[in-house]
Amino acid sequence: MILSIESSCDDSSIAITEIATKKLLYHKKISQELEHAVYGGVVPELASRLHAEALPRILQECTQWLPLLKAVAVTNAPGLSVTLVEGVTMAKALSVSLNIPLIGVNHLKGHIYSLFIEKEAILPMTVLLVSGGHTQVIEVKSLTEMTTVASTMDDSFGESFDKSAKMMGLGYPGGPVIEKLAREGDENSHAFTIPLSQSPKIAFSYSGLKNAVRLAVKAGGEEEYPNIAASFQKIAVAHLTQKLKKYFKTKPPKRFAIVGGASANLYLRERIEELLRPHKAELLLAELKYCSDNAAMIGRIAVEMYMLDAFTEMEDLQADPKSKL
Ligand code: KG4
Ligand code: ZN
């Protein structure tokens, strides 16, 4: 079995995965959303303190499996430095005390393997990763061959929902509240511009749309919020589909996946389904409970890494907040 730890942002999570069967034997996640909501976003020092308190509490429930562990896996990159270090420290302590190897996991790759929790991996595929920190299109050939073919130049997709929600005083995280509020509004009421629509570049940008939302919030009253939310969501998603459509002209999709916290957005899922239909491409999605940050996805990819002997030496395992894919 492998014990995996996730603490890259505001979720403290631990999982136990059986190597041979990929079965998830234990999984727990304590989310800090409520604690951060009052600040309208994640406060790193507060998150770090909450991890330091929650992770040992979860670990106490795993004592029966400790003698059976073959490795300990942990998200070490990317994320918030002060929160990554909480998971990394716990992983190192377990590695020393149980005399088992460490597996350092890239959080973004973990999201990709959220698709395969308790399942066999099917590759290759094209992946849209939409989270609070990232907006990327990734060509995934295998565990070791992943190439980012498009990314955001500024804000991420999820972040644009969080910031829009903050402007309307709707709390954190913004994604689910905006999606819900958008259902009550008219998506054609505000004519926001699709970012980079004139640019041939396959890249994303959300800072301009954020500013347009800011002006609309300022001009309209609270009764206008559902309309703003609906119009914003429409354009935020249209930006993704427009760029993907362009990308598919050179690389038609056969198997396509959406992963990351924002992949829970049903409006986004529907628009991507429409986009894939003419290509007759298969759409892969993680179970809703595994879209946001969790240790089950870290455990799932760690099983693949274990098979490849992809261990990390104690002195090489460091929190690496800025690391890419
Ligand atoms: O993957 P995740 O849990 O954490 C990061 O690695 O960033 O993603 C969290 C992000 C937040 O920005 C949140 O607002 C967004 O995912 N999100 C959504 C939805 N649910 C979560 N964005 C849009 N629509 C949603 N339904
Ligand atoms: Zn994430």
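Every number for a ligand or one of its atoms is a count from 1 in the order of the listing. This one's a predicted model, so the numbers in the text were calculated from it and none came from an experiment.
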- Message: So if I count the atoms of ligand 1 from 1 in the order they appear, which ones are less than 4.0 Å from some heavy atom of F161?
- Response: 23 (C)
- Within 4.0 Å of some non-hydrogen atom of S292, the atoms of ligand 1 are 3 (O)
- Task: Could you tell me whether ligand 1 has any atom less than 4.0 Å away from a heavy atom of H107?
- Result: yes
- Query: Between H134 and ligand 1, which part of the residue brings a heavy atom under 4.0 Å of the ligand: side chain, backbone, both or neither?
  - Reply: neither
- Task: Mind checking whether D162 contacts ligand 1 via backbone (N, CA, C, O), side chain (CB onward), both or neither, at a 4.0 Å heavy-atom cut-off?
- Result: side chain
- Note on the structure: Near G174 (heavy-atom distance under 4.0 Å), the atoms of ligand 1 are 14 (O)
- Query: Looking at the Zn ion (ligand 2), is one of the N, O or S atoms of H111 less than 2.8 Å from it?
  - Reply: yes
- Query: Mind checking whether H279 and F256 have ring centres under 6.0 Å apart?
  - Reply: no
- The atoms of ligand 1 lying under 4.0 Å from a heavy atom of H111, numbered in the order shown, are 1 (O), 6 (O)
- Item | Whether H107 has an N, O or S atom under 2.8 Å from the Zn ion (ligand 2) | yes
- Taking the minimum heavy-atom distance to atom 8 (O) of ligand 1, which of G158, G261, C9 ranks first? G261
- Message: Does the residue G133 have a heavy-atom contact with ligand 1, meaning some pair of atoms that are separated by less than 4.0 Å?
- Response: yes
